[in-house]
Amino acid sequence: MMLVVSYGGSIIAPENIDTEFIRDVADYLKSVEDRIYIVVGGGETARKYIEKGRAMDANESLLDEIGILATRMNAYLLICALGSEAYPRVAESINEAITAEHRFVVMGGTIPGHTTDAVSALLAERLGAKKLLLATSVDGVYTDDPKSDRNAKKIKELKAKELVSIVAKNSARAGAKSVVDLLGARIIERSNMECWVFDGKNLEDLRRALKDDKEGFTGSIVH
Ligand code: UTP
């Protein structure tokens, strides 16, 4: 089977990059038989550099270019941890990723204007992957942003259509973050792929998602 795993930057690259954690993630990925494509976000690496550029009045697409480089730096750390089974450079486009022949292919961002959520959904769609795993900073899909709304409730299973409307509602509010960007949610909806959303720090949920083990999985499943 072929899987796409999207690692939010806040998981792979928080303020202090935790190499032990990256190694643990790589070991879990190596423990399954599948071919795995991993998309890595920018995290603090991106935030730090984008802030400096914004302070110099750069326009948003130029800042996106900086963000893309940050995602690629983080992606290289995962390549270091995966070792010789990984395509030895960060794939810079979906076309490059799908033509690579290694068991693991790692990529970051591609072009300005979207985030790595959209990249991972587009990659999964292009590959015809059965499943997209979203390892994020929240432990599932909530009715509202759980970081700002204490009444937000986790939804264990939902339709992609519901995901799109939740994300559209959240992203309309300035500064609000959602588990996946709107473009990513729309791609998930149109391609009918199954999507498992979970707390990226929870390696047990990563294991369950990789092994298709719904029993005990504490995140959300979108179908
Ligand atoms: P992320 O995918 O990490 O975006 O890319 P994010 O949603 O801001 O952060 P997470 O999800 O919490 O990790 C970091 C930045 O890189 C640029 C955007 O500016 C994005 O905010 N980027 C990334 C692109 O312009 N294109 C891409 O394909 C990916």
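Quick caveat, the model's predicted, so the values are computed rather than measured. Atoms within each ligand, like the ligands themselves, are counted from 1 in listed order.
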So which heavy atom on D144 is nearest to which on D149, and how close? CB-OD2, 3.5 Å

At less than 4.0 angstrom from any non-hydrogen atom of G113, what atoms of ligand 1 do you find? 25 (O)

Nearest to atom 5 (O) of ligand 1, what protein heavy atom do you find, and at what distance? T71 CG2, 3.7 Å

Within a distance under 4.0 Å of any heavy atom of G9, pick out the atoms of ligand 1 and give their elements. 13 (O)

Over-ring placement of K153 relative to Y142, 6.0 Å and 45° cut-offs: no

Does K159 pair with E189 as a salt bridge, N-O distance under 4.0 Å? no

Salt bridge or not for R207 and E204, using N-O below 4.0 Å? yes

All heavy atoms of P112 vs all of E65, minimum pair found to be CG-OE2, 3.3 Å

Before signing off on this row, confirm whether D117 and ligand 1 have an N or O atom pair separated by under 3.5 Å. no

Decide, yes or no, whether a salt bridge links D139 with K201 under the criterion of side-chain N to carboxylate O below 4.0 Å. no

Any salt bridge linking E215 with R208? Criterion: basic side-chain nitrogen under 4.0 Å from a carboxylate oxygen. no

Note the single closest protein heavy atom to atom 25 (O) of ligand 1, along with its residue, its atom name and the distance in Å. D64 CB, 3.1 Å

Specify the closest pair of heavy atoms between V119 and G108, including all atoms of both residues, with the distance to one decimal. CG1-O, 3.7 Å

Does NZ belonging to K52 count more than 12 external heavy atoms closer than 6.0 Å? no

Under 4.0 Å from a heavy atom of I111: which atoms of ligand 1 are those, numbered in the order shown and with their elements? 24 (C), 25 (O), 26 (N), 27 (C), 28 (O)

Find all atoms of ligand 1 within a distance of less than 4.0 Å from any non-hydrogen atom belonging to G41, and give their numbers and elements. 3 (O)

Distance from atom 23 (C) of ligand 1 to nearest protein heavy atom, with residue and atom: H114 O, 3.7 Å

If the cut-off is 4.0 Å to any non-hydrogen atom of T110, which atoms of ligand 1 fall inside it? 27 (C), 28 (O)

At a 4.0 Å threshold, what atoms of ligand 1 neighbour a non-hydrogen atom of P112? 25 (O)

Using a heavy-atom cut-off of under 4.0 Å, does the side chain or the backbone of E65 touch ligand 1, or both, or neither? neither

Taking NZ, NE, NH1 and NH2 as the nitrogens, is one of them in D212 or K131 under 4.0 Å from a carboxylate oxygen of the other? yes

Compare S10, G42, G67 and give the one whose heavy atom is closest to atom 16 (O) of ligand 1. G67

Ligand 1 atoms in contact with V119 (distance to a heavy atom under 4.0 Å): 28 (O)

Residue, atom name and distance, where the atom is the protein heavy atom closest to atom 8 (O) of ligand 1: K177 NZ, 4.0 Å

Numbering the atoms of ligand 1 from 1, which are under 4.0 Å from a heavy atom of G109? 27 (C), 28 (O), 29 (C)

Restricting to non-hydrogen atoms, name the atom on L203 and the atom on Y28 that form the minimum distance, rounded to 0.1 Å. O-CE2, 3.5 Å

What is the nearest protein non-hydrogen atom to atom 1 (P) of ligand 1, stated with its residue, atom name and distance? T116 OG1, 3.6 Å

Which residue and atom name correspond to the protein heavy atom nearest atom 21 (O) of ligand 1, and how close is it? T115 CG2, 4.5 Å

